[in-house]
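First up is the structure itself, then whatever we jot down about it.
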Amino acid sequence: MAIAREVADADDIGRGYVNRAVSIRFCGDVRGAAAAIREGIAVTDEVGVTRTYGGFVRANGVVYAYELGDWAEANRLAEES
């Protein structure tokens with residue numbers, strides 16, 4: 001992700017944040033994955049890939065918020081994605 005930011009490749013930045021959150025979740029850290037989602041939303045919006053990777057990040061965030069029992073956050077992310 002650092003290289004993608006350095007070369008300003010919005011597509012790779014978005015992909016990096018999607019994969020980062022999924023990887024953290026696969027390691028069993030749902031709270032960590034949710035934190036990665038919050039960061040990913042901010043960054044994907046910042047670099048202009050809200051409608052593509054931002055949607056994937058938010059959709060994954062719905063699952064993590066659901067797993068954490070945060071229904072309001074899951075609903076918010078579902079509406080945004």
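From a predicted model like this one, the values you see are computed outputs, not experimental measurements.
Hydrophobic clustering (ILVMFWY, side-chain heavy atoms < 4.5 Å, transitive): I13 and I41 are in one cluster. No chain of hydrophobic side-chain contacts below 4.5 Å, direct or via other Ile, Leu, Val, Met, Phe, Trp or Tyr residues, connects Y66 to F26. Note on V63: it does not cluster hydrophobically with I24, by side-chain heavy-atom contacts below 4.5 Å among ILVMFWY residues. Both L77 and V43 belong to a single network of hydrophobic side chains, linked directly or stepwise wherever heavy atoms of I, L, V, M, F, W or Y lie under 4.5 Å apart.
The distance from the OG atom of S81 to the CZ atom of R76 is 10.5 Å, given to the nearest 0.5 Å. We find the OG1-CD distance between T44 and E39 to be 10.5 Å, quoted to the nearest 0.5 Å. Interatomic distance, M1 CE to N19 CG, rounded to the nearest 0.5 Å: 9.5 Å. Atom CD1 in I3 sits 14.0 Å away from atom CZ in R5 (nearest 0.5 Å).
Smallest separation of non-hydrogen atoms from A78 and V62: N-CG2, 3.3 Å. Closest heavy-atom contact between A21 and A33: O-CB, 3.6 Å. The two residues A4 and D12 come nearest to each other via the heavy atoms CB-CB, 3.6 Å.
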Check the pair R38, E73 against salt bridge (charged side-chain N to carboxylate O under 4.0 Å, His left out), reporting the backbone distance first and the verdict last.
CA-CA 11 Å; R38 288 188 293 276; E73 179 70 358; 5.8 Å; no
Yes or no on salt bridge (charged side-chain N to carboxylate O under 4.0 Å, His left out) for R15 and D11, after CA distance, side-chain angles and deciding distance?
CA-CA 6 Å; R15 183 178 303 109; D11 191 55; 2.7 Å; yes
Would you check, one step at a time, whether the test side chain to side chain contact (heavy atoms under 4.5 Å, CB included) holds for R31 with D29?
CA-CA 6 Å; R31 289 192 191 289; D29 183 4; 4.0 Å; yes
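Under the rule for a side-chain hydrogen bond (donor to acceptor under 3.5 Å, both in side chains), the partners of R58 that lie at least two apart in sequence or sit in another chain are D45, E80. With sequence neighbours excluded, the residues forming a side chain to side chain contact (heavy atoms under 4.5 Å, CB included) with N60 are V18, V22, I37, Y64, listed by chain and number.
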